[in-house]
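Structure record follows, encoded as structure tokens.
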Amino acid sequence: MARFAIDLKEGKIADNSTDTIIGIDLGTTNSLVAVVRNGKPEAVRGEGNKHTLVPSIIHFSSGGDIVVGDAAKDKLIEDPHNTIYSVKRLMGKSFKDVQNYEQHFGYQVIDDDTESLVKIRVGNKFYTPIELSAEILKSLKSRVENELGSVVSKAVITVPAYFNDAQRQATRDAGKLAGLDVLRIVNEPTAASLAYGLGKQDAQTIAVYDLGGGTFDISILQIQDGIFEVLSTNGDTFLGGDDFDRSIVEFWMKKNNLNPENISQNKHLSQQLRLKAEEAKKSLTSADHFTEKVDEIDCSISRSAFESLITPFVNKTVDSCRQALKDAKLKVSDIQHVIMVGGSTRVPLVKNTVGQFFGREVYDKLDPDEVVALGAAIQADVLAGNQKDVLLLDITPLSLGIETMGGLMDTIVPRNTKVPVRAGRQYTTSVDGQRNLKIAVFQGERDLVEHNRKLGEFILRGIPPMPAGLPKIEVHFIINADGILKVKAKELRSEMEQAIEIRPTYGISEEEMGKMLMESIQHASEDMQVRALLEARNEAKHILLSAQKFLQQNDEILSEAEKATTLSLAKSLQSAMEGEDKDLINKAIQDINEFTAPLAHRSLDKAISEAMKGKKV
Ligand code: ADP
Ligand code: MG
């Protein structure tokens, strides 16, 4: 669909603006953008540039200019304090979350109060990780606009499977800030599977092994009927190609009898050695030996020496794979495909070790740097309506609901529900004249909210005073395609409405989720009893209130004996309610109901005959 659009920044008119939706891999080390053209996903190169990768680095010049990518990478040595990298690690994080690994950053991460989100100091300005990521996204956006000769405004962005709602929302906000309408946030392993065309066939269980520059992730996915379910994730947020480079530098220092302290003092030299080490590592993918010099320092290394240096790291990744399988309750033989993602999986030792562990040949035909972006582009193309045979759905890993009387969990969206989803239920008040209603949202499988995870709460105010049970309050849960939950409450008579969007600052790991599920199974029968008791108590409370009302309203028509019996039955119910025996409570409820039912009829008859008085039938 062609339409005209003006790119204000460039001041030029694009005559063939498209509805192309772009796919973006916003990485810790490198980012890239891809689009589907003529039915094929392609990563986009920069102008006059051989690379598709854009280093996720941002440099701020003293004059206020911002550069991103290779040009910023060059500034890492000359101007380290104004050069920001690895922002992805900070997305959606509070200072408290990151203060323990603050030393990993060459720049200043600050905050005024430890609970709120981090900021990064550059000179005397402060930037949020969202703003910094937006700079990377802007540069990718203009790269693809140059290539297509048209303006793009819609994107799919990938994130690690373990990203929580806060991190996903931050990524989405970064997109918005960069002028992109983020149609969907997709898990990186899901994107990688799409790039390999998985998901169109029968049910499959696959492992996605992603070893990048600074992070390692293993994800076990189940694909069925177009639904990509993350069964488990594991990994190490500080393990990757950077460790390989560092160990090569250490190897050279030993070999040349250099004092590491002296070298680290000399920022320029140590950076040079680091870059040389990366070069050596890359060349050893195909060569058996690397020989070069940096300032008379002998920088040679053989492939076998390199392999023994990195063996401990590679073994650690295998331990994570083992754990991920265990968490997913699967055996190695259950895995049908293993996909390699991330630049560091080019290392032959990595590929072979992983292949051996899973007992099969790994998928490595696609460029491991590009595979996530290619998958994102495919997802984008699906959203654009160009691919009909792929269905992309996610599911809710745990049930979602609200707290009702007595601390009970009332599930509104059960676990394993396909998203996007919209579900609702009606509630009412439990006290006469109640003006406010607290809606507390929980996630989990247990019957009591105290055993589940609280996601947030809000108060629906301004309910017009009405007798208990009369207000009609509709609570709706809406989960969008990114798994972000919106909860709305509305009193139907007064139209009072209140809503929240849930973005818990602290996410939940797969491990915790597994634990919550396990506990719900272990405590199932105990929970059922507790629920039955609480429900009986809620019912009793309701009956007592109506009995009280009944006595007040029908004082004239009831005999003293009837009043006394009703009162004594109410007293027994009251005391049963204070005990732990649900059967006793239910019996007391039954007794009082049976006794008062005929009285209620009489009261009704009287009310009717009053109303008929003086009227001719
Ligand atoms: P991220 O997902 O963290 O952004 P990438 O997937 O882009 O990271 O991986 C970057 C890492 O891959 C760097 O450490 C880089 O040195 C490494 N790498 C790239 N090519 C090769 C290669 N041929 N051999 C070994 N490592 C490589
Ligand atoms: Mg990556």
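Indexing begins at 1, ligand by ligand and atom by atom, following the structure's order. Side-chain atoms are counted along with the backbone in the values below, which use heavy atoms only and exclude waters and symmetry mates.
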Notebook entry, point to check: Starting from atom 3 (O) of ligand 1, which protein heavy atom do you reach first, and at what distance in Å?
Noted result: Thr29 OG1, 2.9 Å
Note to self: Side chain or backbone, does Thr285 bring an N or O within less than 3.5 Å of an N or O on ligand 1?
What the structure shows: yes
Notebook entry, point to check: What protein heavy atom sits nearest atom 5 (P) of ligand 1, and how far away is it?
Noted result: Gly343 N, 3.8 Å
Notebook entry, point to check: Looking only at distance, does Asp245 have an N or O less than 3.5 Å from an N or O of ligand 1?
Noted result: no
Next item on the list: Write out the residue and atom name of the closest protein heavy atom to atom 7 (O) of ligand 1, then the distance separating them to 0.1 Å.
Entry: Asn30 ND2, 2.8 Å
Note to self: Just to confirm my output: which protein heavy-atom neighbour is closest to atom 2 (O) of ligand 1, and how far is it?
What the structure shows: Gly212 CA, 4.2 Å
Notebook entry, point to check: Taking the six-membered ring for Trp, are the ring centroids of Phe358 and Tyr209 within less than 6.0 Å of each other?
Noted result: no
Next item on the list: Just need the protein heavy atom nearest to atom 15 (C) of ligand 1, so name the residue and atom and give the distance.
Entry: Glu278 OE2, 3.4 Å
Next item on the list: Below 4.0 angstrom from a heavy atom of Arg346, which ligand 1 atoms are there? Numbered from 1 as shown, please.
Entry: 19 (C), 20 (N), 21 (C), 22 (C), 23 (N), 24 (N)
Notebook entry, point to check: Of Val208, Leu221, Ile220, which is the lone residue that meets side chain to side chain contact (heavy atoms under 4.5 Å, CB included) with Val230?
Noted result: Leu221
Notebook entry, point to check: Hey, is NE2 on His289 packed in by over 12 heavy atoms from elsewhere, all under 6.0 Å?
Noted result: yes
Next item on the list: Looking only at protein heavy atoms, identify the closest one to atom 22 (C) of ligand 1 and say how far it is in Å.
Entry: Lys282 CG, 3.6 Å
Item checked: Nearest non-hydrogen protein atom, atom 14 (O) of ligand 1 -> Lys281 NZ, 3.2 Å
Next item on the list: Begin with the C-alpha distance, continue with both residues' side-chain angles, and end with the deciding distance and a verdict on side-chain hydrogen bond (donor to acceptor under 3.5 Å, both in side chains) for Asp327 and Gln323.
Entry: CA-CA 6 Å; Asp327 291 345; Gln323 189 58 45; 3.1 Å; yes
Check: Per the side chain to side chain contact (heavy atoms under 4.5 Å, CB included) rule, which among Ser133, Ser139, Pro55, Ser56 passes with Ser31?
Finding: Ser56
Notebook entry, point to check: Considering only heavy atoms of Thr28, which atoms of ligand 1 have at least one such atom less than 4.0 Å away?
Noted result: 3 (O), 4 (O)
Check: Would you find a donor on one side and an acceptor on the other, under 3.5 Å apart, between the side chain of Lys281 and the backbone of Val347?
Finding: no
Next item on the list: Could you please spell out the steps behind the side-chain hydrogen bond (donor to acceptor under 3.5 Å, both in side chains) verdict for Lys75 and Ser61?
Entry: CA-CA 10 Å; Lys75 302 284 182 184; Ser61 79; over 6 Å; no
Item checked: Polar atom proximity, Val347 to ligand 1 (N or O, under 3.5 Å) -> no
Next item on the list: May I ask you to list the atoms of ligand 1 that are less than 4.0 angstrom from any heavy atom of Gly27?
Entry: 4 (O)
Check: Can you tell me if Asn266 uses its side chain to pair, donor with acceptor, with the backbone of Ile263 under 3.5 Å?
Finding: no
Margin query: Let's go through Glu279 and Lys282 carefully: what are the C-alpha distance in whole Å and the side-chain angles of both, what is the deciding distance for salt bridge (Lys or Arg N to Asp or Glu O under 4.0 Å) to 0.1 Å, and is it a yes or a no?
Written below: CA-CA 5 Å; Glu279 197 185 318; Lys282 289 182 179 173; over 6 Å; no
Margin query: Closer than 4.0 Å to some heavy atom of Gly342 - which atoms of ligand 1 meet that?
Written below: 6 (O)
Next item on the list: Could you tell me the residue and atom name of the protein heavy atom closest to atom 10 (C) of ligand 1, and the distance to it rounded to 0.1 Å?
Entry: Gly213 N, 3.6 Å
Checklist line | Residue pair His59, Asp79: steps toward the side-chain hydrogen bond (donor to acceptor under 3.5 Å, both in side chains) verdict | finding: CA-CA 8 Å; His59 176 257; Asp79 195 13; 2.7 Å; yes
Note to self: Can you tell me how the ring of Trp252 sits relative to the ring of Phe290, calling it parallel under 30°, perpendicular over 60° and tilted otherwise?
What the structure shows: parallel
Note to self: Need the ligand 1 atom indices (1-based, order shown) with element for anything under 4.0 Å from a heavy-atom of Gly241.
What the structure shows: 14 (O)
Note to self: Check for me whether Gly240 has a heavy atom closer than 4.0 Å to any atom of ligand 1.
What the structure shows: no
Next item on the list: Using distance alone, decide if ligand 1 has a nitrogen or oxygen within less than 3.5 Å of any nitrogen or oxygen in Thr215.
Entry: no
